[in-house]
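The structure under discussion appears below in the form of C-alpha cells.
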Amino acid sequence: MTLVATDSPVSTLPKPELLKEEQAQKFVLTLSCVERAGIVQAVTTFLYERGFNIEEHQQFDDGLRQTLHLRTAFSGPLSYSPERLEEEFNAIAERFEMKFSFHDKTKKRVLVMVSKFGHCLNDLIFRWRGGSLGGDLVVVASNHETHRAMAEAAGLPFVYLPVTPDTKAEAEQKLLDLVEEYNVDLVVLARYMQVLSDDLCRALEGRAINIHHSFLPGFKGARPYHQAYDRGVKLVGATAHYVTADLDEGPIIEQEVIRVDHSYGPTTLSTVGQDAEALALSRAVRWHCEHRVLLDQTSTVVFR
C-alpha cells in the first residue's frame, strides 16, 4: 500500500503527552509534624488514590527535635483545588497532628520597600522581568522619591510613604492598606532603612523578608562597611531573614559570603557587600514564593 501525503489537519493535533501535561493541575504540599512511622506512606497514598503524579519530593527528619518537614510537588486532575485537597487531607493531618498547607501555581504577589539604596530593588526587578524571581512584583513603596523612575520604568506603581517620628504610625497603616489594596502575599524590605513597629511586625509575621548588610551576627548601626574595614574583615556577607519584632533576629532564610582581603577599602567592600545582599535576598524571595521555606520555631528548613 502506498501512503499519500494529504492536507489532513491530523498533523496539527498536539502530541498525547503534551496534551496530558497541559491538562494537569500543579500543586505543592508542605507539612511539619512530630516524626512518626507511616507519614510519607500516608501522603503518597493520598496522592496516588486521587490520580496525582509526584514531580518532586524532599523531606528532612530532624533527629534533634524529633520532627519531620516535607515538601512535595505534584500534578494531576483539574477538578482539584487547594481548598478541596485540604478538606480531603484533614483526616490524615489530624491523625499525625500535622501543620500543613496546599498551594497551587498562582504566583505570590510581592510589595517591595526601599529607601535610598537601589541595588536590591534593581536586582529584584531584573529577575522578575526575566521570569526567575518566583513571584510577581506588584508595587514599590519608599520613604524617599529616589527610585520612583526605576520602579515606573519597570511598569510598577510607586508609592511615596514619608516617615517621621510623628507620622510613623500613619505611614505603617498606609503600608497595610497597600498590602490589602494590591492583595500582597509578601513584603520585601530591600534595604528599607526604617525600623518597623512591633505591631506591624506581628501583622506581617511570616510574610515579610528583610536583607541585612552582614553575615549575622555582625556590625550593627551606621557605616557597617567602614566598621568592617577598620576591623580588617576577611569575609563580607549578607543575611536574608523573616521580619520579627526582635530587630535583625528573625528566622534566617539565606546567607551569602564573599572573601575579601586587606586591599579592599570601604567603597570596594560596600560594592562587594551589595552583590552579596542582592544574591541572598533574591534567593530568599524565590524560595519563599516557591514554598520551599518552612518555619521551625526560630529557624527555617529550606528545600532548595
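Bear in mind that the values here come from a model prediction, so they are computed numbers and not experimental data.
Heavy-atom neighbours of Lys168 NZ from other residues, nucleotides or ligands within 6.0 Å: above the threshold of 12. In Phe117, the CZ atom is not crowded: 12 or fewer heavy atoms of neighbouring residues, nucleotides or ligands sit closer than 6.0 Å. Heavy atoms from other residues, nucleotides or ligands lying under 6.0 Å from CD of Gln41 number 12 at most. Under a cut-off of 6.0 angstrom, the local environment of CD in Glu205 is sparse, with at most 12 non-hydrogen atoms contributed by other residues, nucleotides or ligands. Within a 6.0 Å radius of OH in Tyr48, no more than 12 heavy atoms belonging to other residues, nucleotides or ligands are found.
The hydrophobic clustering, which links ILVMFWY residues whose side-chain heavy atoms are closer than 4.5 Å, places Leu133 and Leu156 together. Criterion: ILVMFWY side-chain heavy atoms under 4.5 Å apart, direct or through other members. Under it, Trp128 and Leu124 are part of a common hydrophobic cluster. Hydrophobic clustering of Ile, Leu, Val, Met, Phe, Trp and Tyr side chains at less than 4.5 Å, counting indirect connections, keeps Val257 apart from Leu281. The hydrophobic clustering, which links ILVMFWY residues whose side-chain heavy atoms are closer than 4.5 Å, places Met193 and Val243 apart. Under a hydrophobic-cluster definition in which Ile, Leu, Val, Met, Phe, Trp and Tyr are linked whenever side-chain heavy atoms come within less than 4.5 Å, directly or via other members, Leu189 and Leu176 are assigned to the same cluster.
Using a 4.5 Å heavy-atom cutoff, the side chains of His69 and Gln58 are not in contact. Leu161 is not listed as a side-chain neighbour of Asn143, based on a closest heavy-atom distance of 4.5 Å or more. Residues Glu56 and Arg71 have side chains in contact (heavy-atom distance under 4.5 Å, counting atoms from C-beta outward). Looking at Val272 and Val260, their side chains come closer than 4.5 Å, going by heavy atoms from C-beta outward. Under the 4.5 Å side-chain criterion, counting only non-hydrogen atoms from C-beta, Arg191 is in contact with Ile211. Contact annotation: the side chain of Leu31 never approaches that of Phe102 to less than 4.5 Å [non-hydrogen atoms, C-beta and beyond]. Within the 4.5 Å cutoff, side-chain heavy atoms of Phe158 are placed close to those of Glu145. By the 4.5 Å heavy-atom criterion applied to side chains, Pro157 and Val140 are not counted as neighbours.
Judged purely by distance below 3.5 Å, without hydrogens or angles, the side chains of Ser115 and His144 never pair a donor atom with an acceptor atom. Side chain to side chain, Thr164 and Asp166 fail the donor-acceptor criterion of an N or O pair below 3.5 Å. A donor-acceptor contact under 3.5 angstrom links the side chains of Asp177 and Gln173, judged on distance only. Using a 3.5 Å distance cut-off with no hydrogens or angles, the side chains of Ser132 and Arg127 do not pair a donor with an acceptor. No side-chain donor from either of Thr30 and His291 sits under 3.5 Å from a side-chain acceptor of the other. Glu172 and Ser197 share a side-chain donor-acceptor pair at under 3.5 Å. Thr271 and Thr268 share no side-chain donor-acceptor pair at under 3.5 Å. For the residue pair Ser79 / Arg50, no side-chain donor-acceptor distance below 3.5 Å is found, with atom types taken as modelled. No hydrogens or angles considered: a donor-acceptor pair under 3.5 Å links the side chains of Glu277 and His119.
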Review point. Are Leu294 and Phe303 close enough, and set up right, to give a side chain to side chain contact (heavy atoms under 4.5 Å, CB included), and what steps lead you there?
Key: CA-CA 8 Å; Leu294 279 67; Phe303 293 118; 4.1 Å; yes
Check your understanding: Do Arg304 and Glu254 pass the salt bridge (Lys or Arg N to Asp or Glu O under 4.0 Å) test, and can you show the C-alpha distance, the side-chain angles, and the key distance before you say yes or no?
Key -> CA-CA 11 Å; Arg304 303 185 182 185; Glu254 173 64 339; 3.3 Å; yes
Review point. Would Leu178 and Val184 satisfy side chain to side chain contact (heavy atoms under 4.5 Å, CB included), going step by step from the backbone distance to the final call?
Key: CA-CA 8 Å; Leu178 285 176; Val184 168; over 6 Å; no
Practice item. Give the C-alpha distance, both sets of side-chain angles, the deciding distance and a yes or no for side chain to side chain contact (heavy atoms under 4.5 Å, CB included) between Asn122 and Met150. Key: CA-CA 8 Å; Asn122 185 56; Met150 182 191 299; 3.9 Å; yes
Point to revise | Criterion side chain to side chain contact (heavy atoms under 4.5 Å, CB included) on Leu29 and Val43, from CA distance to verdict | key: CA-CA 9 Å; Leu29 164 66; Val43 170; 3.8 Å; yes
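Residues Phe27 and Tyr80 keep their aromatic ring centres 6.0 Å or farther apart. Taking the six-membered ring where the residue is Trp, the centroids of His288 and Tyr242 are separated by under 6.0 Å.
The shortest heavy-atom contact between Thr300 and Pro251 is CG2-CB, 3.7 Å. Contact between Leu68 and Gln59 at its shortest, heavy atoms only, is CD1-NE2, 4.0 Å. Scanning all heavy atoms of the two residues, the minimum distance from Ser75 to Ala24 falls at CB-CB, 4.1 Å. In terms of heavy atoms, Ala93 sits closest to Phe100 at CB-CE2, 3.4 Å. Scanning all heavy atoms of the two residues, the minimum distance from Glu249 to His241 falls at N-CE1, 4.4 Å. Among all heavy-atom pairs drawn from Asp123 and Ala278, the shortest one is OD2-O, 3.5 Å.
For the side chain to side chain contact (heavy atoms under 4.5 Å, CB included) with Arg202, the qualifying choice from Asp199, Leu200, Leu204 is Asp199, the only one to do so.
Side-chain atoms of His212 do not come within 3.5 Å of backbone N or O of Thr239 as any donor-acceptor pair. Using a distance-only test at 3.5 Å, with no hydrogens or angles considered, no donor-acceptor pair links the side chain of Thr67 to the main chain of Val34. At distances below 3.5 Å, not a single donor-acceptor pair connects side-chain atoms of His57 with backbone N or O atoms of Ala73. Using modelled atom types, one side-chain atom of Asp62 and one backbone atom of Arg65 make a donor-acceptor pair closer than 3.5 Å.
Distance check, rounded to the nearest 0.5 Å: OH of Tyr192 to CE of Met113 gives 4.0 Å. In this structure, the separation between CG on Leu235 and CD on Glu256 is 10.5 Å, given to the nearest 0.5 Å. Here CG of Leu186 is found 14.0 Å from NZ of Lys107. Values are rounded to the nearest 0.5 Å. Here Phe46 contributes atom CZ and Thr72 contributes atom OG1; the two are 11.5 Å apart, rounded to the nearest 0.5 Å. Going from atom OG1 of Thr244 over to atom CG of Asp198 covers 9.0 Å, rounded to the nearest 0.5 Å. To the nearest 0.5 angstrom, Phe74 atom CZ is 5.0 Å from Leu47 atom CG.
For Glu55 and Lys26, the salt-bridge test passes: some basic side-chain N is under 4.0 Å from an acidic carboxylate O.
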